[in-house]
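For reference, the structure discussed in these notes is given below.
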There are 2 protein chains.
Amino acid sequence: MARWDPNARQRLERAALELFVRQGYDRTTVAEIAERAGLAKSTFFRHFADKREVLSGGDALTRLLTGAVAAAPPGAGPRQAVEAALAAVGAQAFTAERHETVRERQQVVAANPELTERELLKREALAAALTAALRERGVPEPTAVLAAVLGLLALRAALARWTARPGQDFTALALAELTALCEAAAAL
Amino acid sequence: MARWDPNARQRLERAALELFVRQGYDRTTVAEIAERAGLAKSTFFRHFADKREVLSGGDALTRLLTGAVAAAPPGAGPRQAVEAALAAVGAQAFTAERHETVRERQQVVAANPELTERELLKREALAAALTAALRERGVPEPTAVLAAVLGLLALRAALARWTARPGQDFTALALAELTALCEAAAAL
DNA sequence: CCGAGTGATGAGACCTTGTCCCATCACCAT
DNA sequence: ATGGTGATGGGACAAGGTCTCATCACTCGG
């Protein structure tokens, strides 16, 4: 019944998250995930480069952040561009309805060093992409790196708070974190 | 002849780096490394949690950085404490005689995503340790995080330049990077 | 001098991840 | 229907990593 169902990739992602939440990442085998999705082990590796990648969620976040930076008004400085990027993420990625899924995913990742490693690699790539987007706006070199890093620092801190309790607005949390960081930076 | 030679761990590290440089990380098996060190595969995993860990170099860098922060004069602010930490690293870790080894290691790591992931995890742990050391000095929360991140950012940038060409002083490079970052931060 | 204890090692069975190849199946166009 | 295309299944295979048990060198007390 499963063969040729169109959403193989999505089915694998869902099956993986469910199993990881229920019994843990390392007590879940790839064969198990594939079976639950109605597929074979070899098919799993056709969709994902490795077991960790099934939780990566693609490059949606990167496109969201860099897109918002590029779309910021011409007069906006790096600070405003990063704020726009955080607002975009709050509006389209970390919304109230996705709260539960994001929270589960965060917990699974935090509980496993392997997954955390992968997360850090993604964040590094994200930082590079953000820096490039800022440079594209004419932001000079050291400032672009700094603004990108601070933006991701604020994003991560806000995400931790947002997943901890429901009902809060991610954008507000992120902007508050960014403000605190910028004030601390000015006083250095 | 090798059994009971005292420096098993060091022998494994050397053998690994040599093989990685000569034939690449993923074309080198753990069995090969162990054989070259005169040991068995199972002994390798008694000394290192996994294949990547053989290049981690232990926690010497962490102790160096946090130690220097803790030993900074009481009147010094976070900026001066981080500068002291960078100077300590330049004086005791990234010295001229270790230049070649550090350069080889950097190249191997940069060429392999798996090793880069591990490196990022180490850097994250390092950032946490640095932040804690600064907090211990009474530096308030957002400032401690920021100073630690900027310090590591400067360290990484300086390391890239230092390994690129020999003969330069690491400390001077790192302090220059930090100054540039702080100036950019003040202008945000 | 000898024997028990200790700690590092060797050897090998075993499971999982990840790669690769080939046969198979569904769907589509002619 | 007929052949092409692309996703899948299945299984063999290498390497990473875990675990257990036997072995060896060294030490210390009798």
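Whole-Å rounding puts the B:Glu35 CD to C:dG10 C1' distance at 14 Å. In this structure, A:Leu39 places its CG atom 11 Å from P of D:dG10, rounding to the nearest Å. If you take CD1 of B:Ile33 and C1' of D:dA15, they are 12 Å apart, rounded to a whole angstrom. Put simply, CZ on A:Arg52 is 11 Å from C1' on D:dG16, counting in whole angstrom units. Following rounding to the nearest Å, A:Arg118 (CZ) and C:dT17 (P) show an atom-to-atom distance of 14 Å. Distance, B:Gln10 CD to C:dA8 P: 17 Å, rounded to whole Å. Atom NZ in A:Lys51 sits roughly 8 Å away from atom P in C:dG18 (whole-Å rounding). If you measure from atom CD of B:Glu114 to atom C1' of C:dG18, you get 11 Å, rounded to the nearest angstrom.
For A:Lys41 against C:dG18, a side-chain-to-base donor-acceptor contact under 3.5 Å is present. No hydrogens or angles were tested; on distance alone, a donor-acceptor pair under 3.5 Å links the side chain of B:Arg46 to the base of C:dG10.
Annotation: A:Glu35, atom CD; neighbour count of heavy atoms from other residues, nucleotides and ligands within 6.0 Å does not exceed 12.
Here the straight-line distance linking atom CG of A:Leu120 with atom OG1 of B:Thr116 works out to 12.0 Å at 0.5 Å rounding. Residue B:Thr28 holds its OG1 atom at 6.0 Å from NZ of B:Lys51, rounded to the nearest 0.5 Å. With rounding to the nearest 0.5 Å, the separation of CZ in A:Arg137 from CG in A:Leu134 is 7.5 Å.
Among the nucleotides C:dG18, C:dT9, C:dT16, the one closest to any side-chain atom of B:Ala8 is C:dT9. The side chain of A:Asp50 sits closest to C:dG18 out of D:dG9, C:dG18, D:dG16.
Not one side-chain nitrogen or oxygen of A:Ser42 sits closer than 4.0 Å to the OP1 or OP2 atom of D:dG9. The side chain of B:His47 places an N or O atom within less than 4.0 Å of a non-bridging phosphate oxygen (OP1 or OP2) of C:dT9. Between B:Thr43 and the phosphate of C:dG10, there is a side-chain N or O to OP1/OP2 separation shorter than 4.0 Å.
Looking at heavy-atom distances under 4.0 Å, B:Ala31 makes no contact with the nucleic acid at all.
For the pair A:Arg22 and A:Glu104, the salt-bridge criterion is not met [side-chain N within less than 4.0 Å of a carboxylate O].
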